[in-house]
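Here's the structure we're looking at; comments come further down.
All values reported here derive from a predicted model rather than from experimental measurement. Below, all heavy atoms of this structure are taken into account, side chains as well, without hydrogens, waters or symmetry copies. Residue numbering restarts at 1 for every chain, and letters A, B, ... go by the order of the sequence lines.
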Amino acid sequence: MESEFLERIKLGIFLEYNSTTIEKKWQEYWAKNGSFEPTEDFTKEKKYILSMFPFPSGRLHMGHVRNYSISDAFARYYRQQNFNVLHPIGFDSFGMPAENAAIKNGSHPKGWTYNNIDYMKGEFASLGFSFSKERELATSDELYTKFEQGFIIDMFENGLLYREKGLLNWCPHDQTVLANEQVVDGCCWRCDTPIVKKDMNQYYFKITQYADELLDSLKNLDGGWPKQVLTMQENWIGKSNGLEFDLFFDESSKEKLSNTFDSFDVFTTRPDTIYGVSYTALAPEHKIVTYMIENNLLSDEVIAQIKYMTNTSSIDRQKEKKGIALGLNVVHPLTDKTVPVWIANFVLMDYGSGAVMAVPAHDDRDFDFAKKYDLAINAVIKPYEGELSSDAAFTEVGELFNSGEFDGLNSKKSQYNIIKYFEENKIGKKTTNYRLKDWGVSRQRYWGAPIPFIHCEDCGLVMEKKENLPIALPEDVEITGEGNPLDNHPTWKHCKCSQCGKDAIRETDTMDTFVESSWYFLRFCASPANWEKEAFSKEQLSYWMGVDQYVGGIEHAILHLLYARFFTKVFRDLGYLDFDEPFDNLLTQGMVLKDGAKMSKSKGNTVDPDAIIEKYGADTARLFILFAAPPTQELEWNDNAVEGAYKFIKRFFDRSSNIVKTDTIPTINHSTLSKDEKYARKKVYEALVRANDVYNEKHTFNTLIAGTMEAMNALNAQTNSDVWSEGYWILSSIMEPVIPHVCWDISSEYFSLNNLNPQVVVDEVFVEDSVTLGVSINGKRRTEIEVALETTKEDIIEMAKEAASKWLEDKEIVKEIVVPKKLVNIVIKG
RNA sequence: GCCAGAGUGGUGGAAUGGUAUACACGGCGGAUUCAAAAUCCGCUGUCGCAAGACUUAGGGGUUCAAAUCCCCUCUCUGGUACCA
C-alpha cells in the first residue's frame, strides 16, 4: 500500500510551505501571549540564557543572527523542559559610532540610536527570537544612567575609582583617551589610528586591586569557559614573581645628580642571573632622566634623542633597540663593582619601576643591546651539557658559576636562595608584578554616561548628590568632531557645588561604554515592576544569577569579560550581591565568513539577514546557521547550503501531511512492525537521545540536525501512519528550538501543541534481534557478519573465521577478540 | 619569540580507543515534463576492468585495535609581544 504522500508526489501535489505566512502567524501569537516572559515564581528551577547585546549600528549582521540563534535554541529548549527561562536582550547604545554618524550626516546621536533600536527590534521579531520583551533596555536610557552613576559614586567613596594625571593612550582620530585593552597593535581598536601618549587627567577603576582574585578565580571557571579565553585572561593579567631591589649610585654619580637621588629600584624575574649584571637601563620617561633634562645635565643632542624616543609611537619604538649612556654608575649590590647606567627605548615606564638590570649573557634582549653598544657580557650560568656559546644568550636552566657563594647551584632553584639572601640582608625583597593596569574610564566625548562629579574651587573634586541623578546629557548640542561637545556647551557644565553650594563646573568627561556592559546582565534580573525604584535586588539576583549560558564573540575574551568579572567582584564587596563570578558557562561562537574572509562592509562580502528572511524565512536562516558548523567554529556562508536548508524545511512541512491528528503520542506495538518501520522508530529515538545530549552538554547543533535528517530519511522509507505521527511528535519537539515557526505550526495543526514538552526515550526501539559485526584481521576491517543477539562468543568467532577465511589461509591465529555488538578482531601471524 | 587551538573526500563537516568519511552541499545518471523550475529515485574518498590495495598534515610509538592516547616535525588560525 502506498502512502498518501507518494500518491501526491506522483500527482505533483504538495502542502504549500509559505514561510512568510507561517512565521508572521506565530510571531504574532507569541507577542500576544507574552510567551517568553519569565515568571516571578522563584520556587521554579531557572535558566538564565544570555547573548552579548548588540550595539545599535542600524541593522543586524549575520554574526548577530548566529549569536542569537544559538542562545535562542538554548532558551527554547529549557522552556520546553519546564525551566523558568530568562532570555533578555538590550542595546549597548552609547558609543562613538552614534557621534560619528552625527558628524557625517548631521543626525542627533540620540535620534540616530533610538531609530536604529526600533528597526533592530523589528529584525529580532522577524527572526523569531524568544527574548523577553518586558525587560528590553538600552544603556543610553536615562534610567540606566541614573543607577550607573550611583554605582560610580559608591565606587569612588570606596576608593575603587580615582582621578589622576598620567600618560594616556590618545586616539587623534576619535579625539579621546583609550584604555590599554582598547589599543590593538598600537592602534585604536575602533578606527585603527596609531595611538600617541598624552599627559592628562583621567578617571581610573582600581582593577589592579583585584588582579590576584581575577587570576585565581579563573580556575573556578575551568570547564564552563573555553580554555582559550581563560588563557587569554591569564596572559592579560600577566602575573610574574621576582626580586625587587635598589641600585645605589656611586659617589661621583650622586654628586652629578646634586644628591637628589641616591638610588633607583629595579625588578627582575631572574635573580639567578644577578652576578651577570653588566649594565642597567632606565626608561626614557624615568624621573631621573627627567631631572637630568630639567637641570641641564645632558647635552642638547642627547636631550633631542630622548625626546625623540618618548614621542615615538610604541610600534616604531619596537623596531630597533636604541640607547644612550648617561655617564652615571651604580654599585652592584653583591660584588660592589660599578655598573654603567643607560637609557634604553625598550624599557617601559609603566611596567615595574621603569628600570631594569641587564644581563646580556642570559637574556636575548639585553644581549642584542650589549652587542650593539659593545657592553660587557658576563656569563654566570652554564649548561649541564655542552658549551656556552658567545653568539647568543643562554636562557635555559643550568649551573651557576662566577656567582660567589651560589656557585654550583641549579639556576632555577638558586632563585629562592638569592631572594632569601637579599631579604635577610635587607637589600631587596620578593615582589609580584602584573601586566594589568588600572582601567582608565573617562572619554572626552558626548554620547556616553556623564561622570557624576563636580569641580569646585574650594572643595576640589566632589561627587554629585545621589538625589540629583541622573546627570543627563543635554539634547541641544552640536556635534562637530572638534573637542568635547559637553565642554563646548554654553550652560550644561555650570552647576552648584554639592558641598558648599558655590558656582562650580561639572565634569565633562563621559564614561567608557564598557562600564555599561559591565553590569547589564544584573539589570536584566530586576523585575520590571521595580525598575524605576531600584537597579536590582539581592533576592532577584540570587535567584537568576549566575548566567547559565552566555553566548558571544571571542573578540570580547579580554575586554568585556574581564570588566564584567571585575564589576561583579566589586559589587560583591560593596554588598550588592553575594556571588563571585557572573557567567557560569560561556560559549564563544566563531565568526561568519564569506569567501574565506570575515563578512564586512569594507570587503563587500556581507549577506543581509533581512534579504535571507524575505526569500527563505527565518527558520531557513536559523537552520542553515546552526547546521553549517558547530557553534564554536568559523562558519563559511554558502548560498547552495542555504537553499538546501530551505528544501529540508519544505520537505519537513510537506510530509507532515502523513501525521494523523492526535493529542497524545501514539502507542505502537513495536514487535508487529516491519523492518523499515522499526528502523524509522530507532532513528527517531536516536535523534531524541542526541538532542538531549546536544542541548545539555555538547552544543553541536549540527549533529542534532543531521540526526533529524537521518530520521526523516528513515521515516520516508516506510508508510505506517502511527510511526509517522510518533516521529513528528518527537522531531517537531526537538527541532522547535532551531526552526520554531514551522514546528509550532505543525504542532498546533496536528498535536494541539502538546508535544512541546520533555520527551521520553522508549528503549524497546533500540533492542534488535540481530546485529552486524565488523570482522577485522589485525585491526583492518575485511568483511562483516550478521549474528543473532544471543549468539555465543565461540559461535561468533567461528562465523567470523569462516567469513574471513580468505585472509586466514596458511596463517597462524594468535588471538581472537569479540567486542559485543561492534566487531570481531582476529590477530594472525605470518 | 611565547601561549592556546586546529589539520579528516571536490566543499561544510560526522565519528573522542572498536566497521573512518554519518548528515548536507556540489557533481554525475535516471524518473516526471513539450521544456524548464520544483519534486522524486540512484551513484559519488583515491588507485584499479576486476579481485583488491591504499587513505584522517608528515614521521615514530603505545595497543588485539588509533582520526582519537604519547613523542617529534610541518602547516594554519587566534591571542600576546622589547613585561625586565
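- Taking only side-chain atoms of N825(A), from C-beta outward, the nucleotide of A65(B), G79(B), A14(B) with the closest atom is A65(B).
- The nucleotide A31(B) finds its pairing partner in U39(B), both defining distances of the Watson-Crick or G-U wobble pair being shorter than 3.5 Å.
- When the C1' atom is compared between G30(B) and G18(B), the two are found 39 Å apart, to the nearest whole Å.
- Comparing U8(B) with C3(B), their C1' atoms sit 26 Å apart, to the nearest whole Å.
- Candidate nucleotides A84(B), G18(B), G79(B) were compared by shortest atom distance to the side chain of M232(A), and G79(B) ranks first.
- Looking only at atom types and distance, the side chain of Y434(A) has a donor-acceptor partner in the side chain of D212(A) under 3.5 Å away.
- Other residues, nucleotides and ligands contribute at most 12 non-hydrogen atoms within 6.0 Å of the OH atom of Y416(A).
- One can find a donor-acceptor pair under 3.5 Å joining the base of A84(B) and the side-chain atoms of R365(A).
- Which of C82(B), U80(B), A84(B) sits closest to the side chain of W236(A) comes down to U80(B).
- Distance from the side chain of E710(A) is smallest to A22(B) among A22(B), C64(B), U80(B).
- Atom C1' of G27(B) sits at a distance of 39 Å from the matching atom of A4(B), rounded to the whole Å.
- Spacing of P atoms, C69(B) relative to A6(B), comes out at 9 Å, to the nearest Å.
- Judged by distance alone with a 3.5 Å cut-off, no donor-acceptor contact links the side chain of N640(A) to the base of C25(B).
- You'll find that the side chain of S240(A) is closest to A84(B), out of A84(B), U19(B), C64(B).
- Although no hydrogens or angles enter the test, the distance criterion places a donor-acceptor pair under 3.5 Å between the side chain of R690(A) and the main chain of T703(A).
- Remark: aromatic rings of F369(A) and Y279(A) are close, center separation under 6.0 Å.
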Using a 4.0 Å heavy-atom cut-off to protein, can you give one letter per nucleotide of nucleotides 3-12 of chain B, 5' to 3': B if the base is in contact, S if only the sugar-phosphate is, - if neither? SSS------S

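- Across G7(B) and G13(B), the matching P atoms stand 10 Å from one another, rounded to whole Å.
- When the nucleotides A14(B), A24(B), G79(B) are ranked by their closest atom to the side chain of T703(A), A14(B) comes out on top.
- Stacking of R655(A) on the aromatic ring of W724(A) is not recorded, the 6.0 Å distance cut-off and the 45° axial limit not both being met.
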